[in-house]
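All values derive from a computational prediction rather than experimental measurement. Hydrogens, waters and symmetry mates are skipped; everything else that's a heavy atom, side chains included, is used.
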Amino acid sequence: MARFQVGSIRVSWTGLLVLSYSLYLLIGATIFQILERAAESQNRDHFQLEKLKFLKNYSCLDGPALERFVQVILDAWEKGVNPSGNSTNPSNWDFSSSFFFAGTVITTIGKSDPQALCYGNLSPSTVSGQVFCVFYALCGIPLNLAFLNQLGKGLTAHLGRLERSVLITGQHEQTVRILTMSSFLVMGTLMFLVFPPVIFSYVEGWTYGEGFYYAFITLSTIGFGDYVVGTDPEKHYISIYRSLAGVWIIFGLAWLALLFNLGAGMMERLFQLKHIACQPPPEEGAQTKQSKIREQRTIQQAI
């Protein structure tokens, strides 16, 4: 494990990176919550007032009134306020949701819709929140890459130790490598792609297929935002639900990134083998000429 000296104290680089990563997420979640929660509350109150005005003044609805009310709904949705339900809906900027948002920022899980650039419809609506989000991402994305890289190295080291421990028993090296990779693939698939959709389908009311789709789209950082956990106003989630989802995303990203790297390495080796197999063998005359040149050089060196 890499260490460096700070005065008379030896500090573990991995431990320091994990501590910095955790503190960065906690600080980001706290600041996002402070900056955005008050604005969200104002937006909720404004939307509820508009709904009351609508119900009071437009008993006989006409076209322009409907268009105006639809625009109010769209504005509320873009600001992260769910139009259904009432003002007692859970906040999008409580600490758990803020922690989840901070994780999606530094892991670059975004939404492909240009009109809603953050995951789901949760995005900063205040100028201060948007400015902080920019600088938070500038510092957090490199930190996230370093953290995932270190986590990937740790997983690779564990795989290597597992291979060496099995090789001691005298098994064939190639067989051991295949078994180790298969175990890593199966365990990671179960932990990050098979079991989590079961939980999501139970908590969110999705089908298992929708839960699996959400898990893969999220961990691969495609992040369409069409499925987001913890956003149904009719459900009562535990306070740390979205925080746990954020932790699952971080470790799942490390596993999937390592898996993609291993797959890319296997493809490169496969193409190299095909390239070597397709190369024609050297001609017999060329081999004889090269051997004569080597003999002449040997004689010259001896003289």
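A ring-centre distance under 6.0 Å is not found for Tyr213 and Trp206. Aromatic ring centres of Phe100 and Trp248 lie farther apart than the 6.0 Å criterion allows. Aromatic pair Phe200/Phe212: ring centres not closer than 6.0 Å.
Within the 4.5 Å cutoff, the side chain of Trp93 has no heavy atoms near those of the Ser41 side chain. Side-chain atoms of Phe95 and Ile240, non-hydrogen and from C-beta on, never get closer than 4.5 Å to each other. Between Asp94 and Arg37 the shortest side-chain heavy-atom distance falls below 4.5 Å. You'll find the side chain of Tyr208 reaches within 4.5 Å of the side chain of Val194, heavy atoms only. Using a 4.5 Å heavy-atom threshold, the side chains of Trp255 and Thr189 count as touching.
Clustering ILVMFWY residues whenever any of their side-chain heavy atoms sit less than 4.5 angstrom apart, transitively, puts Leu23 in a cluster other than the one holding Ile31. Under the 4.5 Å side-chain heavy-atom criterion for grouping Ile, Leu, Val, Met, Phe, Trp and Tyr, Ile250 is not connected to Leu19 through any hydrophobic cluster. Residues Val131 and Ile27 are members of separate hydrophobic clusters, defined by side-chain heavy-atom contacts under 4.5 angstrom among Ile, Leu, Val, Met, Phe, Trp and Tyr.
Glu204 and Tyr237 are linked by a side-chain donor-acceptor pair at a separation below 3.5 angstrom, with hydrogens and angles left out of the test. Ser239 and Ser96 are not linked by any side-chain donor-acceptor pair at a separation below 3.5 angstrom, with hydrogens and angles left out of the test. Tyr21 and Asn144 are linked by a side-chain donor-acceptor pair at a separation below 3.5 angstrom, with hydrogens and angles left out of the test. For the residue pair Ser97 / Arg242, a side-chain donor-acceptor distance below 3.5 Å is found, with atom types taken as modelled.
The main-chain N or O of Leu145 is never found under 3.5 Å from a side-chain atom of Asn149 such that the two would form a donor-acceptor pair. With Ser201 contributing its side chain and Val198 its backbone, the two residues share a donor-acceptor pair below 3.5 Å. The closest donor-acceptor contact from the side chain of Gln130 to the backbone of Pro124 lies under 3.5 Å.
Residue Tyr202 places its OH atom among 12 or fewer non-hydrogen atoms of other residues, nucleotides or ligands, all under 6.0 Å distant. Atom CZ of Phe251 has 12 or fewer heavy atoms from other residues, nucleotides or ligands within 6.0 Å.
The two atoms that bring Val203 and Lys235 nearest to each other are O-CD, 3.2 Å, heavy atoms only. The nearest pair of heavy atoms linking Leu17 to Ala146 is CD2-O, 3.5 Å.
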Tyr24 vs Tyr136, side-chain contact (heavy atoms from CB on, under 4.5 Å): CA-CA, chis, key distance, verdict: CA-CA 9 Å; Tyr24 196 80; Tyr136 185 76; 3.3 Å; yes
Check against side-chain contact (heavy atoms from CB on, under 4.5 Å), Ile238 and Tyr241: CA-CA 5 Å; Ile238 60 174; Tyr241 174 59; 3.7 Å; yes
Go through the steps to decide whether Ile106 and Leu143 satisfy the test side-chain contact (heavy atoms from CB on, under 4.5 Å), and finish with yes or no. CA-CA 8 Å; Ile106 65 175; Leu143 177 62; over 6 Å; no
Show, in sequence, the C-alpha distance, side-chain angles and deciding distance for Leu193 and Leu219, and conclude whether the side-chain contact (heavy atoms from CB on, under 4.5 Å) test is met. CA-CA 9 Å; Leu193 289 177; Leu219 295 184; 4.1 Å; yes
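Applying the side chain to side chain donor-acceptor pair (under 3.5 Å) criterion to Ser125, with sequence neighbours excluded, gives Glu36.
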